[in-house]
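Shown next, in structure tokens, is the structure this report addresses.
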Amino acid sequence: MELFFWHMKDEVHLENCLTFKQLEKEINNYKDDYNQLRCQWDLKQMTPCEYREYLFQQPRESKVL
């Protein structure tokens, strides 16, 4: 999560936002881009959305204690 905000501070152009609505739109656009378009090396080179779907498709192990 910290890495997300670190990148966001560098890539979102807040100086262009004059209203709260513009700021909200800019941040939402960045979140969508980050989650749906950018492949992450730590997530097997998948986007966060793709990786979440990949994890849901994996068989779950049942552990008996």
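With sequence neighbours excluded, the residues forming a side-chain hydrogen bond (donor to acceptor under 3.5 Å, both in side chains) with Tyr54 are Lys44, listed by chain and number. Take Cys49 and apply the side-chain contact (heavy atoms from CB on, under 4.5 Å) test, not counting sequence neighbours, and it matches Asn35, Gln36, Thr47, Arg52. Among residues two or more places apart in sequence or in another chain, the side-chain hydrogen bond (donor to acceptor under 3.5 Å, both in side chains) test is passed with Asp33 by Arg38. Applying the side-chain hydrogen bond (donor to acceptor under 3.5 Å, both in side chains) criterion to Lys9, with sequence neighbours excluded, gives no partner residue. Partners of Glu24 by salt bridge (charged side-chain N to carboxylate O under 4.0 Å, His left out), not counting sequence neighbours, listed by chain and number: Lys21.
Neither Trp41 nor Leu37 shares a network with the other; the hydrophobic side chains, linked directly or stepwise wherever heavy atoms of I, L, V, M, F, W or Y lie under 4.5 Å apart, form separate groups for each. A continuous path of hydrophobic side-chain contacts links Phe5 to Tyr30 [ILVMFWY only; heavy atoms under 4.5 Å].
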- Applying side-chain contact (heavy atoms from CB on, under 4.5 Å), run through Tyr34 and Gln40 and close with a yes or a no. CA-CA 9 Å; Tyr34 187 90; Gln40 309 289 321; 3.7 Å; yes
- Item | Stepwise side-chain contact (heavy atoms from CB on, under 4.5 Å) test for Ile27 and Met8 | CA-CA 8 Å; Ile27 291 171; Met8 187 180 89; 4.3 Å; yes
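With hydrogens and angles ignored, the 3.5 Å screen pairs no side-chain donor or acceptor of Gln58 with any backbone N or O of Leu55.
Atom CG of Asn28 has more than 12 neighbouring heavy atoms from other residues, nucleotides or ligands inside a 6.0 Å radius.
Of the inter-residue distances, the one linking Glu15 atom CD with Glu26 atom CD reads 8.5 Å to the nearest 0.5 angstrom. Between the CG atom in Leu23 and the CG atom in Asn16 there is a gap of 11.0 Å [rounded to 0.5 Å].
With a 4.5 Å cut-off between side-chain heavy atoms of Ile, Leu, Val, Met, Phe, Trp and Tyr, the cluster of Leu18 takes in none.
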